[in-house]
Each structure stands twice: as C-alpha cells, then as structure tokens.
Amino acid sequence: MAIDPDRHGGPVNRRYHKRMALRFFNTYSREIEEFEPRDPAARPIKIYTCGPTVYSRAHIGNFRAYIFEDLLQRHLELRGYKVHRVMNITDVDDKTIRGAREAKVPLAKFTAQFKEAFFEDIDTLRIKRADEFPSATNQRYIDRMIQMIGALISRRLAYQAEDKSVYFRINKFPGYGKLAHFDLTQLQSTGRVKHDEYDKEHIGDFALWKAWDEEDGNVKWDSPWGPGRPGWHIECSAMATALLGDQIDIHSGGVDNIFPHHEAEIAQSEGVTGKKFVRYWLHCAHLLVDGQKMAKSLGNFYTVPDILAKGYTGREIRYALMRVHYRAPLNFTWGGMKEARESLGRIDEWLARLRETAAKKIDEGKTAGEPGQQFEEALDDDLNISAALGFLFETIRETNRAMDENKLDAASASAWPDWWKRINTVLDLEAEAEAPVPAEVAKLANERENARREKNWKRSDELRDRISALGWEVRDMKDGQKLTPRGAP
Ligand code: AMP
Ligand code: ZN
C-alpha cells in the first residue's frame, strides 16, 4: 500500500501546508504564545528547571515534572535549537537540615545518598541530563546569594529584621504577584502572622537569609548579617543568573512552584539586575493519586524503585508519566501502568513487523508514502503529546492493516522505522536491545536442547536450574527455546 499522503502530510499535502510556529502556554501571560528566543542569533536556548530537594528519594510526581522538561528540551532540539539547561539541586533547607539532624549525620553526607538516587532514577527513566546540576551549598553560589542579598538591601528591596534574618520587602517590588496573578491586598487582609514571623514588615515578605538558630547545628555560613543560611528562593535566583546570565528563555517547574517560589525568583532576580528575568514560564500539572496531589507529606507516593519492584521497567514508567498533556492532571493507577506496557508492546511489534516486511523487498510497483510532520506539529502546539501519540497509534493501525493484507511495499515499510527513529529522539521509548547471552548460558541451553530431543526431561530440568542459577530464564516456544535475563518482563 502506498500511504495516503493526504492523511499523513506527504508531499502533496505539504505543498499547501504552512507550518505553524512553535508555541507554549506562558503562565506569566496566561496565553499561548509563539516561541521567540531571547536573541535568535544568540544560541543556545537557556532553560532553568527547578530540581529536587534532596531530603528523601524523589517520587514519581516529581518525575512527571522532570519528564515534561525532558520532552520540552528534546522537542526544541528536534526543531533544531541548541539548548543549555540547568537544573538545581536544593541541598540545604529546613527539610534537609531536619533529616540530617534526625539521622545524626553531617548535612552533606545526608544529602549525598539522595543525590545519587536521583541520578540513578533519571537514568532509569531515560531523562536526558541537564548540562549542569548546581548544588546550593557550593560556596560559589553561596557567595552569589550573599552578593544578591546585599544588592537588594542597598536598593531598599530587602531589610534585616530584629530576628537577624533578612527579608524581601514585597511592597517595594511593583510587579510582585504578577506571575501568580495574586492580589497583595488579599494577602494582607486574610493572612495570619505566624508566631515566629512577627519581625517581618509584611506577612508576604519572604526570607532571603535565615539567621542561624540552634536547630541548624553546624549548618551555617558567614555573611554581613551574621551566621545563617540562604532561603530556598534566593538559591534558584543565584544559580540561574550565575550560570545562565541575567535573562533566560524558559523557566519551568510544577504548578506548586508558581507561588511563592517562582514569584520570589522574579522579584529577587529583577530586583538585582533591573532586567526581565524570564521570557516563558512553563508549569506542569500534578500527578495525582485518587484525585489528590502525589506528595511526600500526604504519604500517597511511589518512588521509581517501588514501581520497578512490581516488575515494571523504566521505559514503561516513562511512557505512563509522559502520555498526557503536561498541563492536564494525570492520575497514577496500576491500570495505567498496564496500559503503558500494552502500548509499548504494540510499538515493539509494529517495528519488528515493519523490519521483516522491509526485508522481504516485495514492491509490486507501488510507490512509497512519506511520513509527514504531524507528530512534530502536534508537539509544536504547546507540547501536545496526547495528539502526537494519537497520530503514532493511528499510523500503527493503518500500516498494520496494510501488512495484514500484504499491501505494504518495502520502501514504505522501511520509511516508517526511519520516521520512528526521528520521533524517538523525543520519545526515547525504544525497547532495550536484548542482552547478549553469555557463552556459558548458551552452552547449557544447547545441551538442554539435545536433552529435550532425546526426551531426557530430568536432564532438561537440571539444565534449566543451572541456567537459572546464572541469572537466565529459559522458555520453551514453538520454534525453540527463548532465553531472557531473569526479572525482564
Ligand atoms: P520538590 O523536590 O518538592 O521541590 O519538587 C521538585 C519538582 O517536582 C518541582 O518542580 C515540583 O513542582 C514538582 N512536583 C512535586 N510534586 C509533584 C506532583 N505530584 N506532580 C507533578 N510535579 C510535582
Ligand atoms: Zn527553583
């Protein structure tokens, strides 16, 4: 079958087709905006993404955010942009300090284990690593935080209160509340001043520098305002501007980051530089469990190892977290994991079948259809992954039908795997290459085959056990034995 070019955006269709620009929903304007990099000549695109607070192992809700950011970066790259991305690691805050105190280990030792776990999990989920992962406790960034706080004080945008902590004076920053579309007067009338926050001028003023207290133990840095530690928000402003400059193209995180975290980042960064900090603010909706946000504090979370322990693979988790548009809430269910496995199975079978068909080289004089641009164009539309995957599965249905009827010519059959290769630079969902069978296992499997031919079932079972002891499972199929590493689905 020649693929119908009208449906697949082949050459006929494309002649009349003007590509729409890449566009994103900007939280700042609450509108879909065409993506125009800060300076088209100044490559690469600068992206800052808020990373994990390393006080425990991240849960898959966090990874929904990181997978959305991975999709964002990969799609920009597919569209020819070069990307420079920074993801911070928050390794000092109330929670990390409390965790280290309870575990009775130094802060750096306490956070190191969760940093390591984080990198292990992003590799399992095939999340492309950012170019840089700065840690807040690096002296280079602490110095930058102190310098920024000093600049804010000199501009009267910050003050040291009686409790010795330094706060940002939100009333002095005219744009405060714009990102969250938040009315400051409401904050004033309904906010309750907490017992330990009497020293602040305004309930909404947030800490830039937290004065040391006993609970902090030996976690402290010197500063012009006395010993203490930075607030969470200034950490991100300092690391973002230190590594990417005063102005960046895209800043992202989960919706819970919008207020106060990102609002504060704008106030601090622009308060220091006087320049617009970020052009596009992108935020993903939450991963839910039974309608509630998956969160550490609610105890309704799963980690990547929790799901691996149920027999699922990293790519199945990746698919399950990726398949819904990033601005729509996504409910985590085991049924969803099963569906992910089925969907990936359909892709695997389709690719295997196409490759077989292509190898047969039966052309029957048919012309090859050309895979179009619908997948990329769906992603151009504010990363509409649901539409992009919808197109993929429609393609799978159509080409499978053509193969059922023996109507797919070899050129089309090899054009689709090439197309897959292109879209898979964004999806990264290809099955793992099968592990090579070690020589010793192959030898035992050979002996087992002979034993079975001789109907020596006892010997066959013994050999199965020996193969199993080497970490491999043998299954008897119609066309012979199949060897798989144990634990593989
Ligand atoms: P945290 O370690 O709490 O600072 O969170 C790290 C990132 O994960 C932030 O971008 C959060 O917005 C995001 N996040 C936290 N919980 C969820 C969730 N249930 N669904 C999606 N993103 C989340
Ligand atoms: Zn941040």
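We count ligands from 1, going down the list as the structure has it; atoms in each ligand are counted the same way.
In terms of N/O distances under 3.5 Å, ligand 1 is not approached by Ala285. On a distance-only criterion, Asp256 and ligand 1 share at least one N/O pair closer than 3.5 Å. For His286, no nitrogen or oxygen atom sits less than 3.5 Å from a nitrogen or oxygen atom of ligand 1, counting backbone and side chain alike.
Shown are the protein N/O/S atoms under 2.8 Å from the Zn ion (ligand 2), given by residue and atom: Cys50 SG, Cys236 SG, His261 NE2.
Near Leu287, the atoms of ligand 1 lying under 4.0 angstrom from a non-hydrogen atom of the residue are 18 (C), 19 (N), 20 (N), 21 (C). Residue-ligand proximity, His59 to ligand 1, at heavy-atom distances under 4.0 Å covers atoms 16 (N). Counting the atoms of ligand 1 from 1 in the order shown, those under 4.0 Å from a heavy atom of Gly253 are 10 (O). Ligand-side atoms of ligand 1 in range of Tyr66: 6 (C), 7 (C), range being under 4.0 angstrom from any heavy atom. The contact set between ligand 1 and Met294, taken as ligand atoms under 4.0 Å from a residue heavy atom, comprises 16 (N), 18 (C), 19 (N).
Using a 30° and 60° split on the angle between ring planes, Phe24 and Tyr280 fall in the perpendicular class, above 60°. Taking the six-membered ring for Trp and thresholds of 30 and 60 degrees, Trp420 and Trp350 have ring planes more than 60 degrees apart, a perpendicular arrangement. Aromatic ring orientation, Trp419 versus Phe391: perpendicular (interplanar angle above 60°, classes split at 30° and 60°).
Arg327 pairs in a side chain to side chain donor-acceptor pair (under 3.5 Å) with only one of the listed residues (Thr27, Asp382, Asn384), which is Asp382. If you run side chain to side chain donor-acceptor pair (under 3.5 Å) between Asp91 and each of Thr111, Asn138, Thr137, only Thr137 comes through.
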Ring pair (Phe, Tyr, Trp, His ring centres under 6.0 Å) evaluation trace for Trp232 with Tyr55
CA-CA 14 Å; Trp232 172 39; Tyr55 71 105; over 10 Å; no
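Looking at Arg74 and Asp428, a side-chain N of the basic residue comes within less than 4.0 Å of a carboxylate O on the acidic one, giving a salt bridge.
Contacts between Lys296 and ligand 1, counted as non-hydrogen atom pairs separated by less than 4.0 Å, are absent for every part of the residue.
Of the possible polar contacts, none joining the Lys164 side chain to the Ala211 backbone as a donor-acceptor pair under 3.5 Å is found. Formation of a donor-acceptor pair under 3.5 Å by the Arg155 side chain with backbone atoms of Gly271 is found in this model. Not one N or O on the side chain of Thr241 forms a donor-acceptor pair closer than 3.5 Å with the backbone of Asp246.
Here the heavy atom of the protein found nearest to atom 9 (C) of ligand 1 is Asn257 OD1, 3.3 Å. At the top of the distance list for atom 16 (N) of ligand 1, counting protein heavy atoms only, stands Lys293 CE, 3.4 Å. The nearest heavy-atom contact from the protein to atom 2 (O) of ligand 1 is Thr53 N, 3.2 Å. Taking atom 5 (O) of ligand 1 as the reference point, the nearest protein heavy-atom neighbour is Asn62 ND2, 3.3 Å. Protein heavy atom closest to atom 22 (N) of ligand 1, with residue, atom name and distance, is Gly61 O, 3.1 Å.
Under the 4.0 angstrom criterion for non-hydrogen atoms, Gly51 is in contact with ligand 1.
Pairing each heavy atom of Asn257 with each of Cys50, the nearest pair is OD1-CB, 3.8 Å. Of all heavy-atom pairs spanning Glu215 and Ile97, the tightest one is O-CG2, 3.9 Å.
To the nearest 0.5 Å, atom CD of residue Gln160 and atom CH2 of residue Trp209 are 11.0 Å apart.
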